[in-house]
Student: 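Can you read through this structure? Questions will come right after.
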Amino acid sequence: MPLSVLFLVPKVQFANDDRHLLACCSLDGTISVCQLVPTPPAVLQTLRGHTAPVSDFAWSLSNDIIVSTSLDGSMRIWNAHQGRCIRHIPDPDAAQMLCCIFQPINNNLTVVGNGKHNLHVMNISTGKKVKGGSSKLTGRVLSLSFDSAGRILWAGDDRGSIYSFLFDMATGKLTKAKRLVVSEGSAITSISARSWISREARDPSLLVNACINKLLLYRVVDNEGTLQLKRTFPIQQTAHPVRSIFCPLMSFRQGACVVTGSEDLCVYFFDVERATKAIVNKLQGHSAAVLGVSFNCDESLLASSDAKGMVIIWKREQK
């Protein structure tokens, strides 16, 4: 089931606990909110207001709010159901805004990363920076992920580093904890955290895309977010902002599984426990580098997006 947008689509994301509500952002400065059922899919809202490409967006837990960041140097808070911009917040450093994430426990707080190497915790109700909630990285901040408890934040930059921060739940203050250089000068385009991968692999893990033709799986070894490389998987990625995700439900049923885009036009499924022949599925249908991947809540549908603006909805075969 293909959906066509005319510009590169860096991210697709199903709404939380929803089977058929999907959003995707585009280099044309818009975000489309789509309803996939009944078919054909329908665009419910087009969020317009950014004057440059949208770099990232996130759904709030209740799906009523979408926060977005843009190369126009601003973040916007949207009413997802009405398609209305509630608040426009300029970047505190007047820089391009490159990524955003909701604090998982307190959705009034959003963390954003920008082109001047800074992270900021923002209060979306006031539009202001949180005191003590800013920190500097070595490069442009491209990717963010919280652990499920919202106490550890990982941030990746365009120079190959992943930083971990301790997040103070009461104040929103960030404390820099650890730094890992994945590969000097290689952009960290995606980070996903998971408290466990499968019934067999119950250690907290981090999944990372880093423009080195590999998908990387790290073990989180302590409560400061220290990372230890567990294994790598071969993909094609040297330049594009490719993303990857865990598959918690599938992993519970069929072994530990992760999914990633790739520059060779394919979507790959890897079994992280399998010592050899880790590729368990390969989806072909895109005509450009596959960038974004997202499962719906019951993993019956997978959305993938590419560098030519195509979004494909893949339906799981019923066994």
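Here the structure is a predicted model, which means the values were calculated and not measured. In what follows, residues are counted from 1 in the order of the sequence shown.
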Student: Same hydrophobic cluster for I212 and L207, using side-chain heavy-atom links shorter than 4.5 Å among ILVMFWY?
Tutor: no
Student: Between V259 and V293, what is the shortest heavy-atom contact and its length?
Tutor: O-CG2, 4.0 Å
Student: Testing L71, V112, V141 for side chain to side chain contact (heavy atoms under 4.5 Å, CB included) with M97, which one passes?
Tutor: V112
Student: Taking atom types as modelled, find out whether Q237 and T189 have a side-chain donor-acceptor pair closer than 3.5 angstrom.
Tutor: yes
Student: State plainly whether one hydrophobic cluster holds both F57 and V33, where clusters connect Ile, Leu, Val, Met, Phe, Trp and Tyr through side-chain heavy atoms under 4.5 angstrom apart.
Tutor: yes
Student: Roughly how far, to the nearest 0.5 Å, is OG of S304 from CE of M310?
Tutor: 10.0 Å
Student: Judged by atom type as modelled, is there a donor-acceptor pair below 3.5 Å linking the side chain of R159 to the main-chain atoms of T138?
Tutor: yes
Student: Using atom types as modelled and distance alone, determine if a side-chain donor or acceptor of S145 lies under 3.5 Å from a backbone N or O of A193.
Tutor: yes
Student: Measure across V182 and A210 and return the closest heavy-atom pair with its distance rounded to 0.1 Å.
Tutor: CG1-CB, 3.9 Å
Student: Closer than 3.5 angstrom, by distance alone: can the side chain of D72 be matched with the main-chain N or O of T51 as a donor-acceptor pair?
Tutor: yes
Student: Between the side chain of S305 and the main-chain N/O of G292, is any donor-acceptor distance below 3.5 Å?
Tutor: yes
Student: Hey, mind stepping through F233 and V272 against side-chain contact (heavy atoms from CB on, under 4.5 Å) and telling me if it holds?
Tutor: CA-CA 9 Å; F233 307 94; V272 305; 3.7 Å; yes
Student: Using modelled atom types only, decide if a donor and an acceptor are shared between the side chain of S55 and the backbone of T69 within a distance under 3.5 Å.
Tutor: yes
Student: After noting the C-alpha distance and the side-chain angles of L174 and Y163, does the key distance pass the side-chain contact (heavy atoms from CB on, under 4.5 Å) rule?
Tutor: CA-CA 12 Å; L174 288 177; Y163 289 82; over 6 Å; no
Student: Any salt bridge between R231 and E273, counting N to O under 4.0 Å?
Tutor: no
Student: Output yes when a side-chain donor or acceptor of N63 lies under 3.5 Å from a complementary backbone atom of N16, and no otherwise.
Tutor: yes
Student: Check Q284 against W314 and note the closest heavy-atom contact, atom names and distance.
Tutor: O-CH2, 3.4 Å
Student: Strictly below 4.0 Å, N to O, side chains only: are D168 and K173 in salt-bridge contact?
Tutor: no
Student: Evaluate K11 against D56 for side-chain contact (heavy atoms from CB on, under 4.5 Å), listing each step before the verdict.
Tutor: CA-CA 7 Å; K11 184 175 184 177; D56 199 3; 3.0 Å; yes
Student: How long is the straight-line distance from CG of L217 back to CG of L229, given to the nearest 0.5 Å?
Tutor: 8.0 Å
Student: Measure across C25 and V54 and return the closest heavy-atom pair with its distance rounded to 0.1 Å.
Tutor: CB-CG1, 3.6 Å
Student: Looking only at the side chains, is there a donor atom on one of N296 and D18 sitting less than 3.5 Å from an acceptor on the other?
Tutor: no
Student: Taking the six-membered ring for Trp, are F146 and F167 closer than 6.0 Å centroid to centroid?
Tutor: yes
Student: Has R243 got a side-chain atom pairing as donor or acceptor with S192's backbone, closer than 3.5 angstrom?
Tutor: no
Student: Would you mind checking if K116 and D93 are paired as a salt bridge, meaning a charged N to carboxylate O distance below 4.0 Å?
Tutor: no
